[in-house]
Amino acid sequence: MPEGLWIKCGACKEILYRKEVVQNLSVCTKCAFHFRISARERLEMLFDGPWEEFDEGLVSADPLAFRDTKPYASRLKDGRAKTTSWDALVSAVGAMEGLKVLVAAMEYGFIGGSMGVVVGEKVTRAIERAQAERLPLVVVSCSGGARMMEGTLSLMQMAKISAALARLDESGLPFISLLTDPTTGGVTASYAMLGDLNVAEPGALIGFAGPRVIEQTIRQKLPEGFQRAEFLLEHGMLDLVVDRRELKKTLARCIRFLSN
Ligand SMILES: [Zn+2]
């Protein structure tokens with residue numbers, strides 16, 4: 001049997017026919033578990049047809065010549081080979097249910113979707129483009145947080161992006177943040193939570209620090225479902241949790257509403 005024809009669901013453990021799952025937007029056909037998808041699959045799902053990508057050639061200069069178990073430079077190279085992207089974010093303009101929308105989607109396959117100078121610059125440019133061309137903006141987060149291989153330079157992106165979002169807000173253009181599994185660290189602490197609407201996919205892990213760190217700090221056991229999308233919705237941190245199969249329609253409806 002050729003490898004990759006079948007896929008095991010991470011939640012219900014059912015063995016599924018991959019083609020069927022892909023046709024179902026990578027949602028389990030048995031239990032509706034949402035599989036993680038790439039940035040390009042995300043754009044394909046959200047746009048009606050072809051899109052125009054921009055800033056695709058931006059690359060990290062590896063300013064610290066960082067090295068842990070292996071050099072950062074070779075991690076960048078691996079990420080590029082794995083995802084065919086130059087960093088962990090793809091931004092593009094296309095049509096969503098006939099509306100011209102700018103979408104910036106994070107790529108988890110590229111060093112855990114971490115936010116370094118390139119992601120920060122690309123998100124900022126996407127915001128500035130949305131403002132200049134009067135377009136609604138959707139940012140799809142899928143990230144382990146700031147990219148530690150770029151040290152404080154990656155943390156500085158949080159302030160840069162937040163400032164650009166404040167300017168976008170002043171010009172009255174809608175920004176919808178879509179939080180997917182996982183959205184953590186510096187990404188949650190900046191743009192992912194700054195949407196006019198913060199929308200998440202079911203079951204998505206969303207948080208700043210991990211549960212173990214929090215438990216050790218506050219010396220308390222955390223409640224069931226802590227840091228999952230549904231828990232956050234219940235506690236007022238999110239506006240909507242939307243099934244991926246309803247997402248495009250819902251986002252387009254929100255954009256129409258916010259644009260009037
Ligand atoms: Zn399942």
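Positions are given from 1 along the sequence.
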Can we say Lys70 and Asp78 salt-bridge, meaning some charged N sits less than 4.0 Å from an Asp/Glu carboxylate O?
yes
Checking Asp87 side chain against Val118 main chain: does a donor-acceptor pair fall under 3.5 Å?
no
Which heavy atom of Phe66 sits nearest to which heavy atom of Asp62, and what is that distance?
N-OD1, 3.1 Å
For Ile176, is there any backbone N or O sitting under 3.5 Å from a side-chain donor or acceptor partner on Asp196?
no
Between Tyr108 and Phe110, does the ring centroid distance fall short of 6.0 Å?
no
One thing to verify: whether Glu128 and Arg125 come together as a salt bridge, which I'm taking to mean a side-chain N less than 4.0 angstrom from a carboxylate O.
no
Does Met193 have more than 12 heavy atoms from other residues, nucleotides or ligands lying within 6.0 Å of its CE?
yes
Whether the Thr69 and Arg75 side chains hold a donor-acceptor pair (N or O, under 3.5 Å, no angle test) is what I'd like checked.
yes
Under 3.5 Å, is there a donor-acceptor pair between the Ser154 and Arg147 side chains?
no
Whether Tyr17 and Trp6 hold their rings parallel, tilted or perpendicular, with breakpoints at 30° and 60°
tilted
Does CZ in Phe231 sit with more than 12 non-hydrogen atoms of other residues, nucleotides or ligands closer than 6.0 Å?
yes
Could you go through Thr29 and Gln23, starting from their C-alpha distance and side-chain angles, then the distance that decides it, and tell me whether this counts as side chain to side chain contact (heavy atoms under 4.5 Å, CB included)?
CA-CA 10 Å; Thr29 48; Gln23 273 166 1; over 6 Å; no
Between Arg36 and Asp181, is there a side-chain N and carboxylate O pair less than 4.0 Å apart?
yes
Under 3.5 Å: donor-acceptor pair, side chain of Thr180, backbone of Ser141
yes
Pairing of Glu53 and Arg129 as salt bridge, 4.0 angstrom limit:
no
Out of curiosity, Glu246 CD to Leu251 CG, how far, rounded to the nearest 0.5 Å?
11.0 Å
Residues, nucleotides or ligands: over 12 heavy atoms within 6.0 Å of Trp86 CH2
no
Please verify the inter-ring angle class for Phe35 with Phe33; under 30° counts as parallel, over 60° as perpendicular, anything in between as tilted.
perpendicular
Counting distance only, does the side-chain N/O of Asp48 pair as donor-acceptor with the main-chain N or O of Glu97 below 3.5 Å?
yes
May I ask you to decide whether Glu14 forms a salt bridge with Lys8, counting only side-chain N to carboxylate O separations under 4.0 Å?
no
Do NZ/NE/NH1/NH2 and the carboxylate oxygens of Glu44 and Arg40 come within less than 4.0 Å?
no
Can any side-chain N or O of Ser26 pair as donor or acceptor with the backbone N or O of Val22 at less than 3.5 Å?
no
Without swapping roles, check the side chain of Asp243 against the backbone of Leu247 for a donor-acceptor pair under 3.5 Å.
no
Test of understanding: clusters of I, L, V, M, F, W, Y form through side-chain heavy atoms closer than 4.5 Å, transitively. Do Trp51 and Val139 belong to the same one?
no
Verify, without hydrogens or angle tests, whether Arg228 (side chain) and Gly203 (backbone) share a donor-acceptor contact under 3.5 angstrom.
yes
Checking side chain to side chain donor-acceptor pair (under 3.5 Å) between Tyr72 and each of Lys77, Glu150, Arg67, which is the one that passes?
Glu150
Do Phe47 and Phe54 share a hydrophobic cluster (ILVMFWY, side-chain heavy atoms under 4.5 Å, transitive)?
no
Report yes if some heavy atom in the side chain of Glu201 is under 4.5 Å from a heavy atom in the side chain of Val241; otherwise report no.
no
Carboxylate-amine/guanidinium proximity below 4.0 Å for Lys122 and Asp55
no
Once you round to the nearest 0.5 Å, how far does OG of Ser190 lie from CG of Leu165?
8.5 Å
Short side-chain to backbone donor-acceptor contact, Thr188 and Thr183, under 3.5 Å
yes
Taking Leu135's backbone N and O only, do any of them form a donor-acceptor pair with Glu133's side chain (distance below 3.5 Å, no angle check)?
no
Ignoring hydrogens and geometry, is there a side-chain-to-backbone donor-acceptor pair from Arg18 to Leu5 under 3.5 Å?
no
